[in-house]
Amino acid sequence: MITASPGARITQAAATPAGDWRQVWREAVTDAAELLALVGLSPLAVRLPPADAGFALRVPRGFVARMRHGDARDPLLLQVLPQLAELDEAPGFVADAVGDLAAREAQGVLHKYHGRALLIASGSCAINCRYCFRRHFPYGEEMAAAGQWRKALEHVRQDASIRELILSGGDPLALSTAKLEELSRGLADIPHVTRLRIHTRLPVVLPERIDETFTSWLATLPLQKVVVLHANHANEFDANVDAACARLRDAGATLLNQSVLLRGVNDDADTLAALSERLFAAGALPYYLHQLDRVQGAAHFEVDDARALALLDTLRARLPGYLVPKLVREVGGDPSKRPL
Ligand SMILES: *Cc1c(COP(=O)(O)O)cnc(C)c1O
Ligand code: SF4
């Protein structure tokens, strides 16, 4: 049971009994008027798009509790609140920005880079981030659960060059730990896979997910473990998130973080430096800072390359090298993420 440290804001999530992460998941805020009321904003202060601009609002209450009260420009609020700007047509911003989403969905496994195979383990997320390509692809609830990962694992078994299996999504930790155990049993007789990597936003947005059952599973895996978090702003951390990160590290995971560069959220050097420092305090290193995928409805978040590079220069001059993320963009057909 985690208790917030003195002085920290006690979130509603902290009061939930351990092991009850699904309940916390279900209790997420899905109504814009309720969200605005919770953060002390008048519904008149914000102009909302009709029908959530075609992508449902969803945000766990613990994350809402970390938003600044009465601030319509709060960097956490802006990541989840539907905006009128999402309805604007912007040239170059398309539904399938990464170009291979159909393929992802069909196969459940993506093997684009040497030595690493990425498994779309789940299509669900606890939070709906407005800049995400998922807004156009309402994946099935549990893709891997549909028996797809047997085929995916077969692909991994046949290719001895694959050293690392990456669980991605959606959020792979949307799956029950029992499902994850099923998957790791399938890996047991594939000796060339020595690393398991998990790409997840849940330790940050729903830290209750990192419960005893999960960490016991993680700790006993006969693999090296890497957990890549996704946080975009230092304010996303609180005592509950720190505790979840500590549990992951105790279970033997190396913690990294990927962020997306987002206009109005984290596109200034002070904010990015604070994020790096905060990550390190939680035991994680910054890994990638992604240029936005050019997804329809997300153009208002874009930061141009020249400004992104200038921000990185400032960071490099201010932080130790290990706290400077790599600025990258995903380009279809490339053998790796493309450095800017
Ligand atoms: C991003 C990505 C990876 C991981 O790349 P790293 O540079 O190792 O973090 C692996 N496979 C696919 C398909 C990816 O998109
Ligand atoms: S957690 Fe990741 S995959 Fe899920 S909506 Fe947010 S950015 Fe997209």
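For the single chain, residues carry numbers from 1 onward in sequence order. Whatever order the structure lists them in is the order used to number ligands and atoms, beginning at 1. This is a predicted model, so every value here is computed, not measured.
By the 4.0 Å N-to-carboxylate-O rule, E86 lies close enough to R135 to be salt-bridged with it. Note on D293 versus R329: no salt bridge recorded, every NZ/NE/NH1/NH2 to OD/OE distance being 4.0 Å or above. Looking at R66 and D238, a side-chain N of the basic residue comes within less than 4.0 Å of a carboxylate O on the acidic one, giving a salt bridge. Taking 4.0 Å as the cut-off between side-chain N and carboxylate O, R263 and E302 do not count as a salt-bridged pair. Taking a cutoff of 4.0 Å between a charged side-chain nitrogen and a carboxylate oxygen, D313 and R316 qualify as a salt bridge. Between K151 and E154 no salt bridge is recorded (no basic side-chain N to carboxylate O distance below 4.0 Å). Here R116 does not pair with E164 in a salt bridge; the nearest charged N to carboxylate O distance is not below 4.0 Å. Using a 4.0 Å cut-off between charged nitrogen and carboxylate oxygen, K112 and D334 do not count as a salt-bridge pair. Using a cutoff of 4.0 Å between basic side-chain nitrogens and carboxylate oxygens, E277 and R318 are not scored as salt-bridged.
At least one heavy atom of R197 sits closer than 4.0 Å to an atom of ligand 1.
For atom 2 (Fe) of ligand 2, the nearest protein heavy atom (residue, atom name, distance) is H230 ND1, 3.9 Å.
The Y287 neighbourhood of ligand 1 comprises atoms 6 (P), 7 (O), 8 (O), 9 (O), with distances under 4.0 Å to a heavy atom of that residue. Listed by number with element, the atoms of ligand 1 under 4.0 angstrom from any heavy atom of R116 are 5 (O), 6 (P), 7 (O), 8 (O). Those atoms of ligand 1 with a heavy atom of K337 less than 4.0 angstrom away are 1 (C), 2 (C), 3 (C), 14 (C), 15 (O). Residue contact check: I166 has heavy atoms under 4.0 Å from atoms 3 (C), 4 (C), 10 (C) of ligand 1. Close approach to Y288 involves these atoms of ligand 1, each under 4.0 Å from a residue heavy atom: 6 (P), 7 (O), 9 (O).
Of the N or O atoms in K112, none lie within a sub-3.5 Å distance of an N or O in ligand 1. Every N/O-N/O distance between H199 and ligand 1 stays at or above 3.5 Å. Between Y113 and ligand 1, no pair of N/O atoms sits closer than 3.5 Å.
Residue contacts with ligand 1 for V228 are absent, since no atom lies close enough (heavy atoms, distance under 4.0 Å). Heavy atoms of E330 found under 4.0 angstrom from ligand 1 belong exclusively to the side chain.
When ring centroids are compared, H230 and H199 stay outside the 6.0 Å threshold.
A tilted orientation is assigned to the rings of Y322 and F280, their planes being inclined by 30° to 60°.
Only protein N, O or S atoms were considered, and those under 2.8 Å from atom 8 (Fe) of ligand 2 are C132 SG.
In summary, the side chains of N266 and T271 do not present any donor paired with an acceptor at a separation below 3.5 Å, with no hydrogens or angles considered.
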